[in-house]
Amino acid sequence: GIGVVWLDMNEFDMAEGYLSESLQLGNRIGDAPGSGIACAGLGDLYLQTGRLPEARRFLERGLALGKEQDDGIMQVHCQNTLAEVCVAEGRLGEAARLLDSGKAEAERIKAENLLGVYHRAAGILCAAKGDEPSARLNFDRSVEIHARLGEGFPLAKARALNCGCWCPIS
């Protein structure tokens, strides 16, 4: 929806308004998939703006909705983003478990775009552990996947660059 577009443009106030409205509407009409998407978007927004408790709360809710609806895509998206929250909180073991589970589900449902997101999050985890070579490999893999799919390449690259150890694919 439009909230995610604003989020991708780093227009956080606009994104928050639209995503919150979408969540309220989804809850009111019983649209669990729509509510899950809004929760995932709000979780990502709050992660990007450093509001980690809110990010965790919305991502856990989105993950629960994904499980209720047997929506593997929603589950993987929320797991990958929640792993990034865990890294920011210093909960590296929990981040690794979420990433392992999300990667297995992404492979099962053949969601290559989510494997790109997995590699970005795995790169962030590796960087937090001080394993720069593995971080670079994961970031490069993320960018490769997103570039090949033509999906979210600028966002993947920007996030990788923000980690301070990304180097271009040669």
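- Note: the hydrophobic cluster containing L25 does not contain L23 (ILVMFWY, side chain heavy atoms under 4.5 Å, direct or indirect links).
- Separating the OH atom in Y46 from the CD atom in E54 is a distance of 6.5 Å, to the nearest 0.5 Å.
- Here I109 contributes atom CD1 and I73 contributes atom CD1; the two are 5.0 Å apart, rounded to the nearest 0.5 Å.
- A 6.0 Å sphere centred on CD of E11 holds more than 12 heavy atoms belonging to other residues, nucleotides or ligands.
- Expressed to the nearest 0.5 Å, how far CD of E105 lies from CE of M74 amounts to 13.0 Å.
- C78 has its side chain out of reach of E60: every pair of non-hydrogen atoms, C-beta onward, lies at least 4.5 Å apart.
- For the pair R141 and E144, the salt-bridge criterion is met [side-chain N within less than 4.0 Å of a carboxylate O].
- Here the CG atom belonging to D13 is positioned 9.5 Å from the OG1 atom belonging to T49, to the nearest 0.5 angstrom.
- Across every non-hydrogen atom of N138 and C126, the tightest pair is ND2-SG, 3.9 Å.
- In this structure, L137 places its CG atom where more than 12 heavy-atom neighbours from other residues, nucleotides or ligands lie under 6.0 Å away.
- Atoms CG and CD, on D70 and E68 in that order, are 11.5 Å from each other to the nearest 0.5 Å.
- Both F58 and L19 are members of a single hydrophobic cluster when ILVMFWY side chains are connected at heavy-atom separations under 4.5 Å.
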